[in-house]
Asker: 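Just passing along the structure, written as structure tokens.
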Amino acid sequence: MASSVEIMNPSSRVLEAAATPVFQPGKLAVEVIQVDHNAVPTPPIPILIAAPKDAGTYPVAMLLHGFCLQNHFYEQVLKHIASFGFIMVAPQFHISIISIGDTDDIAAAAKVTDWLPKGLPLVLPKGVEPELSKLALAGHSRGGHTAFSLVLGYGKTNLKFSALIGLDPVAGTGKSSQLPPKILTYDPSSFDIAMPVLVIGTGLGEEKKNIFFPACAPKDVNHREFYTECKPPCYYFVTKDYGHLDMLDDDAPKFMTCLCKDGNNCKDRMRRSVAGIMVAFLKAVLNDEDGDLRVILKDPGTAPTTLDPIEHRSA
């Protein structure tokens, strides 16, 4: 069946479009929970959780961090999303400065997923329950490659994911040097993924910081190719004026963030843009509440940053 493609032009702003609240923190108070080897059952690797404090049953989303990064660098994004009624789970992978493949992280992400049914309810605030029939998987940078690889079957889980998100995903250093497993085929709509997908890219990710460092999200292995290879329904937003690591918390170490080209504007705007788009997508896919997502697609100017390009393909 042919798919329809809609390309949104931010310059053609709808002047009286309805506002959306997703770019500001939600109404729910949030608790951040560190889960390590002291928990029973013990998680396979340490986990950072951001969950609503109010009693209730909430959908769950896992966020896989990027290469050589730590899960707590994403705390502001995690808390923002959790404040709208989602339980955010962020595993901490083993950190190695040598990137030889993604097999270990894929396996670890699968094990964390299988820990959720028994382990997650025991560490959440009183009265808070996970709704694991509504489970999303997200990943940033190399973690985006990990997330896509897991959904593509390179890891096995007992739970089924309902949505997939790539945050400036990266699949290697170039077209001829993909990170194993090599998931990019360079054929449109070739990913065998039967769920809605959101890809958020950065406009500066494929630019070099300087002559000494390569681009952090190189052309041909970054967000554009990931989106191109998705089947509909899929959504694509690019934060035009920001870089690969600009979504991290301000206290992320400078020796890490200095490696990537960054934007000159307020990083809080970037974090709220990324988190807000994720909230709108998760509400639409997991809760059948697509109003906020439709507002952003119709009027990208509601976001704190310039979103360009914006595309989405529906079946």
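Residues: numbered from 1 along the sequence shown.
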Asker: Side chains of S189 and R313: any donor to acceptor distance under 3.5 Å?
Answerer: yes
Asker: Only one of M270, K240, E207 passes side-chain contact (heavy atoms from CB on, under 4.5 Å) with T202; say which it is.
Answerer: M270
Asker: Has T103 got a side-chain atom pairing as donor or acceptor with P181's backbone, closer than 3.5 angstrom?
Answerer: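 Checked: no pair found.
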Asker: Start with the C-alpha distance between K134 and V60, add both sets of side-chain angles, then the distance that settles side-chain contact (heavy atoms from CB on, under 4.5 Å), and finish with yes or no.
Answerer: CA-CA 6 Å; K134 297 180 178 180; V60 179; over 6 Å; no
Asker: With side chain to side chain donor-acceptor pair (under 3.5 Å) as the criterion, how do E229 and S190 come out once you've worked through the C-alpha distance, each side chain's angles and the decisive distance to 0.1 Å?
Answerer: CA-CA 5 Å; E229 299 193 23; S190 58; 3.2 Å; yes
Asker: Can you check whether F93 and H65 have ring centres sitting under 6.0 Å from each other?
Answerer: yes
Asker: Please check this pair: side chain of H80 against backbone of V22, looking for a donor-acceptor N/O pair closer than 3.5 Å.
Answerer: yes
Asker: Establish, yes or no, whether a centroid distance under 6.0 Å links the rings of Y236 and H312.
Answerer: no
Asker: Can a cation-pi geometry be assigned to K175 and Y186, taking NZ or CZ under 6.0 Å from the six-membered ring centre and within 45° of the ring axis?
Answerer: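 Because its charged atom sits under 6.0 Å from the ring centre and within 45° of the axis, K175 does stack over Y186.
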Asker: Can you tell me how far CD of Q34 sits from CD1 of I49, rounded to the nearest 0.5 angstrom?
Answerer: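 The CD atom of Q34 is 9.5 Å from CD1 of I49, to the nearest 0.5 Å.
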Asker: Strictly distance-based, threshold 3.5 Å: is any side-chain N or O of K231 a donor or acceptor partner for the main-chain N or O of F191?
Answerer: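 Side chain of K231 to backbone of F191: a pair is present.
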Asker: Distance from F281 atom CZ to L164 atom CG, nearest 0.5 Å?
Answerer: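 CG of L164 is found 7.5 Å from CZ of F281.
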Asker: Check the surroundings of atom CG in N210: do more than 12 heavy atoms from other residues, nucleotides or ligands lie under 6.0 Å from it?
Answerer: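 Atom CG in N210 is crowded, with more than 12 foreign heavy atoms closer than 6.0 Å.
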Asker: Report the C-alpha distance between S141 and H244 in whole Å, list the side-chain angles of each, state the deciding distance to 0.1 Å, and finish with yes or no for side chain to side chain donor-acceptor pair (under 3.5 Å).
Answerer: CA-CA 8 Å; S141 188; H244 187 61; 2.8 Å; yes
Asker: Does the side chain of S273 pick up a donor-acceptor pair with the side chain of T305 at under 3.5 Å?
Answerer: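 Yes - a donor-acceptor pair under 3.5 Å links their side chains.
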Asker: Does one side chain, of T146 or D102, offer a donor that lies under 3.5 Å from an acceptor on the other?
Answerer: yes
